[in-house]
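Values below: all heavy atoms of this structure, side chains included; hydrogens, waters and symmetry mates excluded.
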Amino acid sequence: KTTIAALEETLRTYLDPERALREIPTLALIAQPVKTIEQKARRLLRKLGRWESVELRLEPGTSQVGGGALPTEFLETRLVALRTEGVSLAQVARQLRTNDCCCVFARTQNDALLLDLRTVLEDEIDLLAQAVRNALTAAGAR
């Protein structure tokens, strides 16, 4: 009975789109405007600062909604792209995944390590910036 009641309440939430966006974090992240994602990406870029051997840029891109229910759905997004000189992107990605402060997954595409801020919350940007700086430093970036 408890499971059915919980399922019923979840389904009721979906019947009210405004309530669903407020109460279901995944939906809120999927539905957030590109402008909001871009603002988060710009904030991250400012926090990362300048590096001698790393080019950091804001780039347009796509977020994949998911591999389960919506495997073919893509959304417009903004990415923070890291391109390195003399530093292995694979090593930076590995350092991000095994970072002490948090685990960060990025994708590599077109000779860049791409960070999609769609699923990064505002209060996580400082932590993400620290993780990226740690990973770059550990990989030998200057």
Inset, instruction - List, by chain and then residue number, the residues other than Val34 in its hydrophobic cluster (Ile/Leu/Val/Met/Phe/Trp/Tyr, side-chain heavy atoms under 4.5 Å); write none if there are no others. - result: none
Inset, instruction - Please list, chain by chain and in numerical order, all residues satisfying side-chain hydrogen bond (donor to acceptor under 3.5 Å, both in side chains) with Arg57, sequence neighbours excluded. - result: Glu55, Glu59
Inset, instruction - Give a yes or no on whether Leu96 and Leu45 share a hydrophobic cluster (residues Ile, Leu, Val, Met, Phe, Trp, Tyr; joining criterion: side-chain heavy atoms under 4.5 Å apart). - result: yes
Inset, instruction - Kindly give the cluster partners of Ile4, where membership spreads through any ILVMFWY side chain lying under 4.5 Å from a current member. - result: none
Legend entry - Non-hydrogen atoms of Thr13 and Ala20 that approach each other most closely: O-CB, 3.5 Å
Inset, instruction - Supply the members, apart from Leu11, of the Ile/Leu/Val/Met/Phe/Trp/Tyr cluster built from side-chain contacts under 4.5 Å; use none for a lone residue. - result: Leu7
Expected list for residues 122-131: side-chain donor-acceptor pairs under 3.5 angstrom, two or more places apart:
from   : atom 1 : to     : atom 2 : distance (Å)
Glu122 : OE1    : Arg43  : NH1    : 2.8
Glu124 : OE1    : Leu121 : N      : 2.8
Asp126 : OD1    : Lys47  : NZ     : 3.0
Gln130 : OE1    : Arg133 : NH2    : 3.0
Gln130 : NE2    : Asn134 : OD1    : 2.6

Inset, instruction - Mind listing the closest non-hydrogen atom pair of Val92 and Ala139 along with its distance? - result: CG2-CB, 3.6 Å
Inset, instruction - Determine whether Leu44 and Leu29 fall in the same hydrophobic cluster, where Ile, Leu, Val, Met, Phe, Trp and Tyr are linked whenever their side-chain heavy atoms lie under 4.5 Å apart. - result: no
Inset, instruction - Tell me yes or no: between the side chains of Arg142 and Ser53, is some donor less than 3.5 Å from an acceptor? - result: no
Legend entry - Salt bridge Glu85-Arg83, side-chain N to carboxylate O under 4.0 Å: no
Inset, instruction - Report the residues that fulfil side-chain contact (heavy atoms from CB on, under 4.5 Å) with Ala93, sequence neighbours left out, ordered by chain and then residue number. - result: Arg97, Leu113
Inset, instruction - With sequence neighbours excluded, tell me which residues meet side-chain hydrogen bond (donor to acceptor under 3.5 Å, both in side chains) with Arg42. - result: Glu38
Legend entry - Residue pair Leu117 / Val80, side-chain heavy-atom distance below 4.5 Å: yes
Inset, instruction - Would you mind reporting whether Ile30 and Val65 have side-chain heavy atoms less than 4.5 Å apart? - result: yes
Legend entry - From Ser63 atom OG to Glu73 atom CD, the distance as rounded to the nearest 0.5 Å: 12.5 Å
Inset, instruction - Would you sort out whether Asp116 and Arg107 count as a side-chain contact (heavy atoms from CB on, under 4.5 Å), showing the intermediate values? - result: CA-CA 9 Å; Asp116 186 347; Arg107 66 182 189 259; 4.3 Å; yes
Inset, instruction - Please answer whether the main-chain N or O of Glu76 pairs with a side-chain N or O of Arg118 as donor and acceptor at a distance below 3.5 Å. - result: yes
Inset, instruction - Give me the other members of the hydrophobic cluster that Leu114 sits in, counting Ile, Leu, Val, Met, Phe, Trp and Tyr linked by side-chain heavy atoms under 4.5 Å, directly or via other members. - result: Leu79
Legend entry - Residues forming a side-chain hydrogen bond (donor to acceptor under 3.5 Å, both in side chains) with Arg22, sequence neighbours excluded: none
Inset, instruction - Apply side-chain hydrogen bond (donor to acceptor under 3.5 Å, both in side chains) to Gln95 and list each qualifying residue two or more places apart in sequence or on a separate chain. - result: none
Legend entry - Pairing residues for Thr36 by the side-chain contact (heavy atoms from CB on, under 4.5 Å) criterion, not counting sequence neighbours: Gln32, Pro33
Inset, instruction - Report whether Ile37 and Leu75 are members of the same hydrophobic cluster (ILVMFWY, side-chain heavy atoms less than 4.5 Å apart, transitive linking). - result: no
Inset, instruction - Tell me whether Phe74 is reachable from Leu27 by hopping between hydrophobic residues (I, L, V, M, F, W, Y) whose side-chain heavy atoms are closer than 4.5 Å. - result: no
Legend entry - Thr84 side chain near Trp51 side chain, heavy-atom distance below 4.5 Å: no
Inset, instruction - Would you list the pairs meeting salt bridge (charged side-chain N to carboxylate O under 4.0 Å, His left out) in which at least one residue belongs to residues 5-17, sequence neighbours left out? - result: Glu8-Arg12, Glu9-Arg19
Legend entry - 4.5 Å side-chain heavy-atom contact, Val132 and Val104: no
Legend entry - Leu58 side, atom CG; Leu56 side, atom CG - distance, nearest 0.5 Å: 11.0 Å
